[in-house]
There are 2 protein chains.
Amino acid sequence: MHKRILIVEDEDSIRDMVAFALRKAGMDPMHAADARAAQLAIADTVPDLILLDWMLPGTSGLELARRLRREELTSEVPIIMLTARGEEMDRVNGLEAGVDDYVVKPFSTRELIARVKAVLRRSQGDDGSGVVEIGGLKIDGPAHRVFAGEEAVPIGPTEYRLLYFFMTHPERVYSRAQLLDHVWGGSVYVEERTVDVHIRRLRKTLEPWNLEGMVQTVRGAGYRFSASV
Amino acid sequence: MHKRILIVEDEDSIRDMVAFALRKAGMDPMHAADARAAQLAIADTVPDLILLDWMLPGTSGLELARRLRREELTSEVPIIMLTARGEEMDRVNGLEAGVDDYVVKPFSTRELIARVKAVLRRSQGDDGSGVVEIGGLKIDGPAHRVFAGEEAVPIGPTEYRLLYFFMTHPERVYSRAQLLDHVWGGSVYVEERTVDVHIRRLRKTLEPWNLEGMVQTVRGAGYRFSASV
DNA sequence: GGACAGTGTTACGCAACCGTGACAACTGTG
DNA sequence: CACAGTTGTCACGGTTGCGTAACACTGTCC
């Protein structure tokens, strides 16, 4: 789950500091010194988040943000602005341009990482409410309920926990042992094949809505939950 | 509907001032001087809201907030942080830890009370009138009455409190322990199975209006009150 | 194409969980 | 003090969901 973060910043010292912090936090930093380099980098690989310096040589950060919003590929990539103190006045313009958050220089790397994580969380549907929705399937943690579209899905406790884990960790393969750890809780011993059976049961409960394809088998590796069939 | 507010603050003067203001506003203040005392107080009775000083001797307010969020019983008790000016930098950390609001010292008691009320209102689906209506069932807090459509529903004290809690916290699962804490009040010890019996009694009182389906069992998790069947 | 490992499917016994009715203790009232 | 209303607890029975084994099936590698 290495998140790719593009840093658009002309000062080397700040760029290196941020890159180091991001790498330490398990993310994958790329960088560009100005707007042109940023667009080239994005054309190559669309990042999961962009850290954008307000003041850039040539095209300003604000102008770049506006452009990125207009492009289809980048219209949903979250942007965090790096601003110097005193530039805060322009917050309004930033919000208008679709910026997701601000960090005021000088900032601690801890604060930056916290904001990056928060924005990433928000951008992936996890808004902290405990409700996750993926491909027509919705799971409501607090209410302990599952919906396929508008209909409630009857589901047992273990199937529910399994589905909840999958929906909060989609697009990723988990071995039977890992699933036992996360869903059953590690301290109890059950056979690995038990996972298979519950996978089967989960598929069966999703069958009436033709969603059983979301639970996918990866031969020799485990199971994956995915929106795409 | 006396709301229990826990004040976690080591300075006597502030604590007393806040307690006095809260009492005047019709709430029920408890207090603790540090994190340890706070946890003991909570173990006795889960409050409806926590006022938490940022700087505490020993465990910091932030750390305590994180802990409380992890505990099932207190995971949804709203927290308002009391911070000194200049500590605002750490807002990010606070939001991450699930803090609901901030009040910056020095604050007026009027402001504090306003925030407390706002947060309390937000934390339960209460618009302030004390009257809640869900799916044909209406509960009138001030009048201490329940209506199914136009008809009054005869209901006992405990059933009433249980129903009131459910109707102010619908669409959400509560374990028996949580219900005991919120409806019975925490400081008394009763068996968890007692909840079952009162659930049963509540269902029976709602039966003549075919509303017993609103009280739902979630096997292995607890009970939920919901308009949808 | 044959052998084998990996996976899907089904059936079954068991344990956990929950609903229900009965009952005794408690409370307040006249 | 008697009585009605209310409450907490217990015990029993039924149901649900669970883990496991056994077997069928599928894909892969030589």
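All figures in this text were calculated on a predicted structure; none of them were measured in a lab.
Distance OG1/Thr194(A) to CD/Glu192(A): 9.5 Å, rounded to 0.5 Å. Here CD of Glu63(B) is found 10.0 Å from CG of Leu68(B). Values are rounded to the nearest 0.5 Å.
Arg176(A) places its CZ atom 15 Å from the P atom of dA5(C), with the value rounded to the nearest Å. In this structure, CG of Asp196(A) is placed 14 Å from C1' of dT10(C), rounded to the nearest angstrom. For Gln216(A) and dG8(C), the CD to P distance is 12 Å, given to the nearest whole Å. Rounded to an integer number of Å, the gap from CD of Glu207(B) to C1' of dT20(C) is 12 Å. Atom CZ in Arg200(A) sits roughly 17 Å away from atom P in dG19(D) (whole-Å rounding).
Arg172(B) and Gln178(B) share no donor-acceptor pair across their side chains, judged by distance under 3.5 Å alone.
Note on Tyr223(B): every side-chain N or O is 4.0 Å or more away from OP1 and OP2 of dC17(C). For dT10(C), one of the phosphate oxygens OP1 or OP2 lies less than 4.0 angstrom from a side-chain nitrogen or oxygen of Lys204(A). Between Thr217(A) and dG8(C) there is a side-chain polar atom (N or O) within less than 4.0 angstrom of OP1 or OP2.
Toward the 5′ end of DNA chain C lies the nearest nucleotide of Gly220(A), the other residue of the pair Gly220(A) and Arg203(B) mapping further downstream.
None of Phe165(B), Phe225(B), Tyr223(B) except one satisfies the ring pair (Phe, Tyr, Trp, His ring centres under 6.0 Å) rule with Tyr174(B); the exception is Phe165(B).
Not counting sequence neighbours, the partners of Tyr160(B) by the side-chain contact (heavy atoms from CB on, under 4.5 Å) test are Ile139(B), His144(B), Val146(B), Ile155(B), Tyr164(B).
Checked by atom type and distance alone, the side chain of Asp53(B) never pairs as donor or acceptor with a backbone atom of Val8(B) at under 3.5 Å.
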Contacts under 3.5 Å, N or O only, protein and nucleotides 4-14 of chain D:
unit_1 : atom_1 : unit_2    : atom_2 : d
dT7(D) : OP1    : Thr158(B) : N      : 2.8
dT7(D) : OP1    : Thr158(B) : OG1    : 2.5
dT7(D) : O5'    : Thr158(B) : OG1    : 3.3
dG8(D) : OP1    : Trp184(B) : NE1    : 2.9
dG8(D) : OP2    : His198(B) : NE2    : 2.6
dG8(D) : O6     : Arg201(B) : NH2    : 2.7
dT9(D) : OP2    : Glu191(B) : N      : 2.6
dT9(D) : OP2    : Thr194(B) : OG1    : 2.8

